[in-house]
Amino acid sequence: YQPDNKQSLGNNFVRSIAEKSPNHLYIGTDDGLYIMDKITASFQKIELSNSHTKTINSAINALHIDRQGNLWIATMSQGIWKYNPTTNKIVQLQLRGATLGHNATWTILQDRSGIIWAATRLGLLRFNEQQAHFEIVRPLFSEIGDSQFEILSMREDPKGDLWLGT
């Protein structure tokens with residue numbers, strides 16, 4: 001972080017990194033999303049806003065690139081976003097039956113069958129591709145805002161079992 005350098009990160013709090021290509025990284029920070037050119041060691045902020053001119057202005061906790069090349073963005077207080085770098089379109093994803101509101105999302109994972117999972121302060125979510133929204137995974141979610149089901153980390157083992165860190 002170099003405040004006087006326009007090709008630097010906006011701050012020095014890096015929360016997540018995802019590899020876009022061999023020469024480029026996505027960097028999630030408290031100041032938004034950046035792309036790093038590994039050859040020149042320079043950074044460019046990616047200004048993202050959806051069709052409703054809503055932008056991500058929350059810290060970015062996690063990044064995940066799915067099999068189609070979409071970037072899933074987990075935020076501290078603005079839910080989950082899906083960015084298509086080919087079309088440069090971003091969508092803030094909704095939760096069926098509840099609201100993500102200020103619910104912090106800690107990590108996102110795509111399992112071997114292609115399902116997208118999200119670990120949040122209130123519990124576990126599964127993305128419904130046909131409906132284009134997240135669904136609550138009962139009984140691992142608190143609809144009343146209680147963090148008793150908070151999931152901080154997630155991994156899939158070689159057998160396909162999903163391990164949750166609380």
Side-chain angles (χ1 to χ4, degrees), residues 1-96 98-111 114-129 131-134 145 147 150-156 165:
Y1 168 63
Q2 300 166 341
D4 298 330
N5 182 350
K6 291 188 190 246
Q7 292 186 333
S8 172
L9 288 173
N11 70 18
N12 61 358
F13 200 151
V14 174
R15 292 177 175 265
S16 55
I17 299 171
E19 187 172 40
K20 178 183 191 270
S21 67
N23 294 327
H24 295 92
L25 297 174
Y26 287 117
I27 311 288
T29 74
D30 277 4
D31 185 49
L33 182 65
Y34 289 79
I35 191 160
M36 177 188 180
D37 183 319
K38 294 194 293 187
I39 294 171
T40 63
S42 63
F43 298 86
Q44 178 183 355
K45 187 167 187 177
I46 301 175
E47 298 292 343
L48 300 171
S49 61
N50 65 15
S51 59
H52 305 291
T53 65
K54 196 169 187 181
T55 62
I56 298 175
N57 54 21
S58 174
I60 296 174
N61 289 334
L63 299 170
H64 177 79
I65 300 172
D66 68 19
R67 294 177 189 157
Q68 290 75 38
N70 297 303
L71 180 66
W72 295 74
I73 304 167
T75 70
M76 181 64 80
S77 63
Q78 285 184 281
I80 303 166
W81 299 68
K82 183 179 174 184
Y83 171 60
N84 182 325
T86 305
T87 63
N88 203 34
K89 294 197 188 261
I90 188 162
V91 176
Q92 186 176 27
L93 299 165
Q94 302 302 314
L95 174 60
R96 182 176 180 199
T99 179
L100 283 171
H102 295 294
N103 180 16
T105 302
W106 300 120
T107 191
I108 297 175
L109 174 141
Q110 185 173 33
D111 70 17
I115 296 172
I116 298 286
W117 300 88
T120 76
R121 186 180 69 77
L122 299 179
L124 186 62
L125 303 175
R126 177 180 44 240
F127 189 67
N128 181 322
E129 189 70 40
Q131 300 288 321
H133 64 248
F134 277 95
S147 63
E150 182 170 25
I151 299 168
L152 299 170
S153 61
M154 236 180 345
R155 288 290 176 256
E156 182 181 22

Contacts of Glu156 meeting side chain to side chain contact (heavy atoms under 4.5 Å, CB included) (sequence neighbours excluded), chain-then-number -> Asp111, Arg112, Leu162
Using side chain to side chain contact (heavy atoms under 4.5 Å, CB included) as the criterion, list what pairs up with Ser147, not counting sequence neighbours.
Arg121, Glu150
Can you list every salt bridge (Lys or Arg N to Asp or Glu O under 4.0 Å) pair that touches residues 63-82, not counting sequence neighbours?
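Residue pairs passing salt bridge (Lys or Arg N to Asp or Glu O under 4.0 Å), neighbours aside: Lys82-Glu129.
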Please list all pairs passing the salt bridge (Lys or Arg N to Asp or Glu O under 4.0 Å) test where one or both residues lie in residues 22-36, with sequence neighbours left out.
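Residue pairs with at least one partner in residues 22-36: Arg15-Asp30, Asp31-Lys45.
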Does [X] reach the side chain of [Y], with side-chain heavy atoms less than 4.5 Å apart?
{"X": "Tyr26", "Y": "Ile73", "value": "no"}
{"X": "Leu71", "Y": "Lys20", "value": "no"}
{"X": "Ile108", "Y": "Phe127", "value": "no"}
{"X": "Leu95", "Y": "His133", "value": "no"}
{"X": "Tyr83", "Y": "Asn88", "value": "yes"}

Closest non-hydrogen atom pair between [X] and [Y], with its separation:
{"X": "Ser42", "Y": "Thr40", "value": "OG-OG1, 2.7 Å"}
{"X": "Ser77", "Y": "Ser58", "value": "N-OG, 2.9 Å"}
{"X": "Trp106", "Y": "Ile151", "value": "CD1-O, 3.1 Å"}
{"X": "Gln78", "Y": "Asn57", "value": "OE1-N, 2.6 Å"}
{"X": "Asn61", "Y": "Ala104", "value": "ND2-CB, 4.4 Å"}
{"X": "Gln110", "Y": "Ile116", "value": "CB-CD1, 3.5 Å"}

Can you tell me how far apart [atom1] ([X]) and [atom2] ([Y]) are? Round to the nearest 0.5 Å.
{"X": "Thr105", "Y": "Trp81", "atom1": "OG1", "atom2": "CH2", "result": "12.0 Å"}
{"X": "Thr29", "Y": "Asn11", "atom1": "OG1", "atom2": "CG", "result": "4.5 Å"}
{"X": "Met36", "Y": "Ile27", "atom1": "CE", "atom2": "CD1", "result": "6.5 Å"}
{"X": "Phe134", "Y": "Leu124", "atom1": "CZ", "atom2": "CG", "result": "10.0 Å"}
{"X": "Ile80", "Y": "His64", "atom1": "CD1", "atom2": "NE2", "result": "12.0 Å"}
{"X": "Phe43", "Y": "Asp37", "atom1": "CZ", "atom2": "CG", "result": "10.0 Å"}

Using modelled atom types only, decide if a donor and an acceptor are shared between the side chain of Lys38 and the backbone of Leu25 within a distance under 3.5 Å.
no
Is Glu19 atom CD crowded by more than 12 heavy atoms from other residues, nucleotides or ligands, each under 6.0 Å away?
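Check passes, neighbour count above 12.
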Excluding sequence neighbours, so at least two apart, what forms side chain to side chain donor-acceptor pair (under 3.5 Å) with Thr107?
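By the side chain to side chain donor-acceptor pair (under 3.5 Å) rule, Thr107 matches no residue at all.
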Please list, chain by chain and in numerical order, all residues satisfying side chain to side chain donor-acceptor pair (under 3.5 Å) with Thr120, sequence neighbours excluded.
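By the side chain to side chain donor-acceptor pair (under 3.5 Å) rule, Thr120 matches Asn103.
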Kindly determine whether Ile56 and Leu33 satisfy side-chain contact (heavy atoms from CB on, under 4.5 Å), including the steps that lead there.
CA-CA 9 Å; Ile56 298 175; Leu33 182 65; over 6 Å; no
Could you go through Glu47 and Thr55, starting from their C-alpha distance and side-chain angles, then the distance that decides it, and tell me whether this counts as side-chain contact (heavy atoms from CB on, under 4.5 Å)?
CA-CA 8 Å; Glu47 298 292 343; Thr55 62; over 6 Å; no
